[in-house]
Colleague: 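Here's a structure for you.
Proteins come first, then strands; the chains are lettered A, B, ... in the order of their sequence lines, and each starts at number 1.
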Amino acid sequence: MPELPEVESVRRQLAPELRGRRVVSVWWDPYPRTRLSDLHLLEGRRLEDVHRRGKYLLCPLSPPDGRTDLELVLHLGMTGSFRLVPLPAPDAHEEPGSGADDEPGPDRADEDAADGADPDAPTHVRASLVLDDDRVLLFRDPRRFGRMSVVPAGEYRGRIPTLAQLGPEPLSDAFEVGRFAAALAATSAPVKAKLLDQRLVAGVGNIYADEALWRARIHPASRRVGRRRAAALHRAIREVLTAAIEREGTTFRDYQMVNGQSGRYVDLLDAYGQGDLPCRRCGTAMRRTVIAQRGTTYCPLCQRP
DNA sequence: CACGCCTCCTGTGCGC
DNA sequence: TGCGCACAGGAGGCGT
């Protein structure tokens with residue numbers, strides 16, 4: 001999925017477009033096990049801003065009285081993306097009178113782009129918010145791993161467990177090397193599993209975990225990371241995430257920005273997706289394995305246990 | 001509690 | 001060309 005750099009890039013595109021916009025109406029996926037909840041609460045409210053914590057986007061909502069007490073929480077899962085499109089002109093073919101109550105979601109059977117349907121029309125739309133500037137925010141998510149929910153502002157416990165326990169932002173002062181080293185020392189799980197866990201540090205996923213471990217020369221399965229290596233990893237995480245944000249993230253397969261463009265960090269990947277290719281540092285063939293149920297690529301020479 | 005495995009989904013790319 | 005299978009950037013839930 002989109003990790004911190006991808007989510008931050010999406011945030012930077014969305015924030016100026018959504019800030020101050022009022023939500024006129026909302027449609028969302030009627031799928032039984034949908035991970036979209038309480039979106040009806042959006043209607044009539046203003047999106048005050050778009051913030052980010054880890055891989056989550058947070059939009060404070062203004063009620064009519066001006067107090068902010070609800071928040072829209074967005075997570076892109078593995079395949080989520082947003083689009084802003086013009087509000088379609090009222091369709092002449094539409095049955096008069098009916099059809100008003102539930103906006104026919106643009107999600108039809110995905111295969112039948114038959115009869116006249118625009119082949120470029122967005123597919124897999126799971127939610128759409130009509131905004132007061134006659135544009136529509138579409139949330140697309142083929143695999144349905146993404147989440148959208150409206151919650152009382154800041155109250156994540158019991159609703160969004162990972163967000164409730166989220167670790168420090170890696171690019172902020174809250175990400176302290178001493179605490180990071182201590183947390184790594186206090187665990188017996190493979191270091192990569194701890195990076196993916198989100199409690200030690202927020203926003204690192206499979207791509208940037210592999211990248212940071214390669215840069216810090218730490219074997220992803222290592223269960224013992226001392227202070228020295230912890231400090232190297234701390235620095236590597238910051239460097240990798242900063243460089244990826246500068247290039248608007250990595251598009252390996254699904255990730256797209258709001259304008260449909262790809263992230264350009266893919267060209268700079270040193271580890272992720274480099275299986276069997278020569279290590280960019282020492283030339284040894286990169287090796288692929290599975291750690292924490294995730295595909296993992298590392299250099300067997302540079303990154304020894 | 002910490003850890004590790006399984007699951008939720010759909011699409012794609014590969015090998016046969 | 002067609003089919004089946006493995007795999008995909010995340011997180012939640014459950015068993016040990």
Colleague: Checking A/Tyr272 against A/Thr296: is there a side-chain donor and acceptor pair closer than 3.5 Å?
Modeller: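 A/Thr296 vs A/Tyr272: no donor-acceptor pair found between side chains.
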Colleague: If you draw the axis of the six-membered ring of A/Trp214, does the NZ or CZ of A/Arg281 fall within 45° of it and under 6.0 Å from the ring centre?
Modeller: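 Verdict for A/Trp214: a cation-pi partner in A/Arg281.
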Colleague: Would you compute the distance between atom CG of A/Asp270 and atom SG of A/Cys299 and round it to the nearest 0.5 angstrom?
Modeller: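 With rounding to 0.5 Å, CG (A/Asp270) is 11.0 Å from SG (A/Cys299).
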Colleague: P atom, B/dT12 versus C/dA11: distance in rounded Å?
Modeller: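 Straight-line distance between the two P atoms is 23 Å.
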Colleague: Taking the six-membered ring for Trp, does A/Phe145 stack with C/dA11 (centroid gap under 5.5 Å, planes within less than 30°)?
Modeller: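 No, the aromatic ring of A/Phe145 does not stack with the base.
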Colleague: Can you tell me how far apart CZ (A/Arg53) and CG (A/Leu163) are? Round to the nearest 0.5 Å.
Modeller: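 So the CZ of A/Arg53 and the CG of A/Leu163 are separated by 7.0 Å.
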Colleague: Whole Å only: how far is the CD atom of A/Gln256 from the P atom of B/dG11?
Modeller: 15 Å
Colleague: Send over the distance from A/Asp210 CG to C/dA8 P, rounded to a whole Å.
Modeller: 11 Å
Colleague: Could you provide the dot-bracket string of DNA chain B, using ( ) for intrastrand pairs, [ ] for crossing pairs and | for bases paired to another strand, with Watson-Crick or G-U pairs below 3.5 Å?
Modeller: .|||||||.|||||||
Colleague: Round to a whole Å and report the spacing from CD of A/Gln198 to P of C/dG10.
Modeller: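 Rounding to the nearest Å, CD of A/Gln198 and P of C/dG10 are 8 Å apart.
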Colleague: When you measure from the centre of the six-membered ring of A/Tyr31, is the NZ or CZ of A/Arg144 closer than 6.0 Å and no more than 45° off the axis?
Modeller: yes
Colleague: Listed in order of residue number, which residues of residues 186-197 of chain A have a non-hydrogen atom at under 4.0 Å from DNA chain B?
Modeller: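 A/Thr187, A/Ser188, A/Ala189, A/Pro190, A/Lys194, in order of number.
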